[in-house]
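None of the values given here were measured: they were computed from a predicted structure. Whatever order the structure lists them in is the order used to number ligands and atoms, beginning at 1. Below, all heavy atoms of this structure are taken into account, side chains as well, without hydrogens, waters or symmetry copies.
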Amino acid sequence: MQLIDGKAVATAIKKEIATEVERIIANGGKRPHLAAILVGHDGGSETYVANKVKACEECGFTSTLLRFEADITEEELLKKVDELNNDPDVDGFIVQLPLPKHIDEQKVTEAIDYRKDVDGFHPVNVGRLSIGLPCFLSATPNGIMELLARYNIDTKGKKCVVLGRSNIVGKPMANLMMQKQTPGDATVTVCHSHTENIAEECRQADIIIAALGQPHFLKADMVKEGAVVIDVGTTRVPDSTRKSGFRLCGDVDFENVAPKCSFITPVPGGVGPMTIVSLMKNTLLAGKGEIYK
Ligand code: GUN
């Protein structure tokens with residue numbers, strides 16, 4: 001069994017990006033600039049956005065954090081989105097989700113100029129992904145593809161089960177794994193809350209990507225010997241022994257599943273650090289104008 005060290009890969013990629021940014025600046029180019037809109041004070045969102053700002057520093061990017069109270073109106077937020085769409089210095093930006101209930105998330109997502117949509121959530125980017133055109137890729141699936149590539153994991157013709165059908169992980173993940181590319185070229189099955197006999201589907205799989213948000217869902221008797229297991233779960237469970245008061249729990253019963261695997265990602269330190277790095281990769285691409293000229 002080989003542990004996939006997402007933290008180490010993420011650190012290496014951030015260094016690669018920083019080197020490229022230095023080269024761009026040395027050649028008289030522009031420093032990539034990522035802006036983030038954060039609405040309200042959700043604990044998880046605060047942490048994610050702080051980590052994104054920190055990653056920007058590590059990569060040599062400019063970052064701007066725009067904070068608003070939870071009572072901002074949808075109209076005011078859409079106006080801010082429009083300002084960022086029209087700010088020539090901002091190469092890409094994100095609106096951290098979830099948003100307060102009175103704001104329509106889909107409307108906000110669609111208001112972002114798809115050429116600055118470094119989250120890859122705009123329907124133009126989602127559509128281009130599904131037909132294999134260059135686009136901004138959703139961060140978590142893109143991070144997983146990078147891990148599969150860096151660990152030389154063979155996906156061609158393999159049976160891949162994706163657990164979960166969310167718009168930001170499950171669906172784009174399935175799409176990427178079935179594309180004519182490397183990694184990719186897999187035979188993909190997407191399982192969800194209405195799938196019959198999910199355990200049997202999993203037992204058939206060479207690669208399982210668990211993104212359900214259900215702690216320890218994937219048990220050892222659902223995994224075949226030698227499978228590759230990627231754990232996207234990051235549920236916060238209370239833990240009084242931690243300073244933060246919680247620990248992150250994956251969707252995989254790691255202790256019992258790991259001995260059966262050829263490769264497996266831990267939680268934390270697997271997929272998580274790669275997600276932010278994917279956002280940095282998209283920001284660099286946006287800065288270079290490489291996807292949408
Ligand atoms: N909330 C949880 N994950 C994400 C993400 O990748 N991007 C944004 N904007 N919000 C999120």
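- Less than 6.0 angstrom separates the ring centroid of Tyr114 from the ring centroid of Tyr292.
- Within the 4.0 Å heavy-atom cutoff, Lys52 counts among the residues contacting ligand 1.
- We find that Lys54 and Glu57 are not joined by a salt bridge, their nearest charged nitrogen and carboxylate oxygen being 4.0 Å or further apart.
- Protein heavy atom in closest approach to atom 9 (N) of ligand 1: Asp119 OD2, 2.6 Å.
- Using a 4.0 Å cut-off between heavy atoms, Leu97 contacts ligand 1 through both its backbone and its side chain.
- Summarising the geometry of Ser278 relative to Gly143, their closest heavy-atom pair is OG-N, 3.1 Å, with the distance given to 0.1 Å.
- With respect to atom 3 (N) of ligand 1, the closest heavy atom belonging to the protein is Ile168 CD1, 4.0 Å.
- Of the protein's heavy atoms, Gln96 NE2, 3.3 Å lies nearest to atom 11 (C) of ligand 1.
- The shortest N or O to N or O distance between Tyr48 and ligand 1 is not under 3.5 Å.
- Within ligand 1, the atoms closer than 4.0 Å to a non-hydrogen atom of Val95 are 8 (C), 9 (N), numbered from 1 in the order shown.
- The residues Lys288 and Asp91 are annotated as not salt-bridged, no charged nitrogen and carboxylate oxygen being separated by less than 4.0 angstrom.
- One finds a salt bridge joining Lys281 and Glu146 here, because a Lys/Arg side-chain nitrogen approaches an Asp/Glu carboxylate oxygen to under 4.0 Å.
- Taking every heavy atom of both residues into account, Ile208 and Met222 meet most closely at CD1-O, 4.1 Å.
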